[in-house]
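Not measured: the values here are computed from a predicted model. Count residues from 1 along the sequence.
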Amino acid sequence: MVNDISAPRVRQCPEGVEAVGRVVLPRQARTVRRDAAPYGRVLLCAGPVLLALALGLWGLTREHSMWRDEAATWQVAHRPPAGTAHMVSQVDVVHGVYYAVMHGVFALFGDSLVALRLPSVLATAAACALTALTGARLSGRRAGVGAGLALAVVPAVQEYAQEGRSYALVLAFVALATRLLVAALGRPTALRWAGYAGAVLVAALLNWFSLLALVAHGVTMACLRPDRARCTGWALAATGAVTGALPLILTSGEQADQVAWIKPLGWSTVLGVVITVTIAALCARMAGARLPERLPEALREGAPHARVNLAAVALPLCAVPQIGLAVASLVKPLYLTRYVLFAYVGFALLVGVLLATLIGRVRAHPRVLLPAAAALAVLALLPIELRLRTAESRVDDVLAAAALVDRARHGADGVLYLPAARRDTALVSPHAFAGLRDLALAQGPVESGTLKGIEAAPHVVEQAVADARRIVLVTDAGPLRADSARDRAKLRALDEHFVRRSTSVERGRRVSVYERVR
């Protein structure tokens, strides 16, 4: 039998449940070696993977919509590698590796909304499988399946599983790193520590905020207090990962103005973090999973095989990234749920062990109760899930705006964007802007190595607007705002020489037609 780190003593428990130390676990915990067989692993992961794929593929095109962040992925993924390298040297370096991945996806499978989002769906399914494997290794088969299913139904995970951005991939690599950490602590080898370092590094290259998971793993090490060899292995792996990510961190620091739009922490954000961490802690308490209260014997003595305490892995992974980023946001606003999406791996592990404990107590068959629990969760969250799969669930829709332009452009000879970032509409759907001259653009996005291009000087923009006959203006749905001299020049020229003939607002964007006053 595999040793537990908290205490090797076993006490009497109801049939079907075994208590190891302070953690009450299903009897399946004693069959970890059997579950480790390839066939057992496939069966273990099947339910979470199928559920994640079903939820990810359901409404994948989101009513044929694409919001502004996905539009950035779309346009950069179409650039040649040299063009992307030129851009990330000036802007968006934090997403450079992801853009390179999506360039390869588009090259192999063509460009479509499905191709844009399918990597995120597959990454989420992989994360659910890895979470299931981690839960099974820590607390038995039932807890593993429950954890994988729990991760799949989390609304935030479902949201970013259907988005053409890097966050689902980060989730998958943090789940892999956590799995390898548990494996390396149980039976340390150089290969496992190298794999762990690689997984942490890839996650950091996709988004270096994922290094908060490394901090969480450091808290896990402090809780477990393993022998010197294991501490050294983790320290070397962590140092290697951070060193590999350091150039990205330093370069992105020079582009910090890209996150200047993030708002300061609000009470809703704070409340969300508190609720998530509290639920995780309650799951641990109800399941009997606690942080180890004394030095784990097996890890202290350097045993070649050792069981790792679930709470010591899951609670820090859930709490540290969220609380850490929230605290950092008190100095500089940075907190967005997607930046710490991977924290839900820890949350799901604790929900999984709670489900396993409840099943053991009611003596019900897990093949019935676990799918039933997942189905009930999906039904309970159905209103949220339905909304996530609509275009209105995102702040805007560049494809809807392009359709409005396509209908309004006849007879027009120019187009303006307010602000310049709304040029993404034309970059994603250039056919809708056929015949329209970009009145403000001096250098295109590809040539300038930017996302929105470089616009001409204000007086040049104002003169170009004054010389046009009929102009299409693409802007946000809210009140018109001019935050730069160029934007003020655009509005001034429109007010002086043009009259607005029509306005259409759809899915967060406004398209207006201005006609020159005779």
Got Val170 and Leu341 here, is their nearest side-chain heavy-atom distance under 4.5 Å? no
Separation of His497 NE2 from Arg469 CZ (nearest 0.5 Å): 16.0 Å
Just by modelled atom types, is the Ala115 backbone N or O under 3.5 Å from a matching donor or acceptor in the Ser112 side chain? yes
Got a second to check how far Leu60's CG is from Leu55's CG, nearest 0.5 Å? 12.0 Å
Ignoring hydrogens and angles, tell me if any N or O in the side chain of Thr251 forms a donor-acceptor pair with the backbone of Leu248 under 3.5 Å. no
Donor-acceptor pair, Arg423 side chain versus Gly453 backbone, under 3.5 Å? no
So, for Asp406 and His410, which heavy atoms are closest and what is the spacing to 0.1 Å? O-NE2, 3.5 Å
Between Ser429 and Leu399, is there a side-chain heavy-atom distance shorter than 4.5 Å? yes
What do the steps show when you test Arg437 against Asp467 for salt bridge (charged side-chain N to carboxylate O under 4.0 Å, His left out), and what is the final call? CA-CA 12 Å; Arg437 182 168 64 94; Asp467 292 340; over 6 Å; no
Heavy-atom donor-acceptor pair, Glu462 side chain to Arg488 backbone, under 3.5 Å: no
Let me see the working for Gln258 and Asp92 under side chain to side chain donor-acceptor pair (under 3.5 Å), right down to the final yes or no. CA-CA 8 Å; Gln258 282 191 269; Asp92 237 13; 3.0 Å; yes
Does Val511 reach the side chain of Thr475, with side-chain heavy atoms less than 4.5 Å apart? no
Closer than 3.5 angstrom, by distance alone: can the side chain of Thr131 be matched with the main-chain N or O of Gly148 as a donor-acceptor pair? no
Is it true that Glu70 and Arg117 make a salt bridge, defined as a side-chain N closer than 4.0 Å to a carboxylate O? yes
In terms of ring plane angle, is the pair Tyr417 and Phe433 parallel, tilted or perpendicular, where the classes change at 30° and 60°? tilted
Carboxylate-amine/guanidinium proximity below 4.0 Å for Glu163 and Arg394: yes
Among Leu201, Leu181, Val182, find the one that has a side chain to side chain contact (heavy atoms under 4.5 Å, CB included) with Tyr196. Leu181
Inspect the contact between Asp487 and Lys490 and indicate whether a charged nitrogen and a carboxylate oxygen are less than 4.0 angstrom apart. yes
Using modelled atom types only, decide if a donor and an acceptor are shared between the side chain of Gln75 and the backbone of Ala426 within a distance under 3.5 Å. no
Candidate list Leu416, Val513, Leu436, test side chain to side chain contact (heavy atoms under 4.5 Å, CB included), partner Ile471, passing option: Leu416
Could you check if a side-chain atom of Phe109 sits within less than 4.5 angstrom of a side-chain atom of Leu118, using non-hydrogen atoms only? no
Spacing of CD belonging to Glu455 relative to CG belonging to Leu439, to within rounding of 0.5 Å: 10.0 Å
Salt bridge present between Asp424 and Arg509 (N-O < 4.0 angstrom): yes
Using 0.5 Å steps for rounding, measure from the OH atom of Tyr344 to the SG atom of Cys318. 8.0 Å
How about Val242 and Trp208: do any of their side-chain heavy atoms sit closer than 4.5 Å? no
In Å and rounded to the nearest 0.5 Å, what is the CZ to NE2 distance from Arg165 to His95? 4.0 Å
Can you find a heavy atom in the side chain of Leu116 that is under 4.5 Å from one in the side chain of Asp111? no
What orientation do Trp74 and His78 show, parallel under 30°, tilted 30 to 60°, or perpendicular over 60°? tilted
Non-hydrogen side-chain atoms of Val202 and Leu176 separated by less than 4.5 Å: no
CG (Leu133) and CZ (Arg41) are apart, to the nearest 0.5 Å, by 6.5 Å
Quick one: closest heavy-atom pair of Gly56 and Val121, and the distance? O-CG2, 3.7 Å
Should the heavy atoms of other residues, nucleotides or ligands under 6.0 Å from CZ of Phe173 be counted, would the total exceed 12? no
Under 3.5 Å: donor-acceptor pair, side chain of Asp396, backbone of Trp67: no
Keeping Ser504 on the side-chain end and Leu404 on the backbone end, is there a donor-acceptor pair under 3.5 Å? no
Please walk me through it: do Ser65 and Arg507 pass side chain to side chain donor-acceptor pair (under 3.5 Å)? CA-CA 9 Å; Ser65 65; Arg507 296 178 180 177; 5.1 Å; no
Sidechain-backbone polar pair: Gln322 side chain, Val273 backbone, donor-acceptor under 3.5 Å: no
Checking Asp476 now: which residues fulfil salt bridge (charged side-chain N to carboxylate O under 4.0 Å, His left out) with it, not counting sequence neighbours? Arg68, Arg422
Between Thr503 and Ser512, which heavy-atom pair has the shortest distance, and what is it? OG1-OG, 3.1 Å
Counting N and O atoms only, with roles assigned by atom type, does the side chain of Arg192 sit under 3.5 Å from a partner on the main chain of Ala183, one being a donor and the other an acceptor? yes
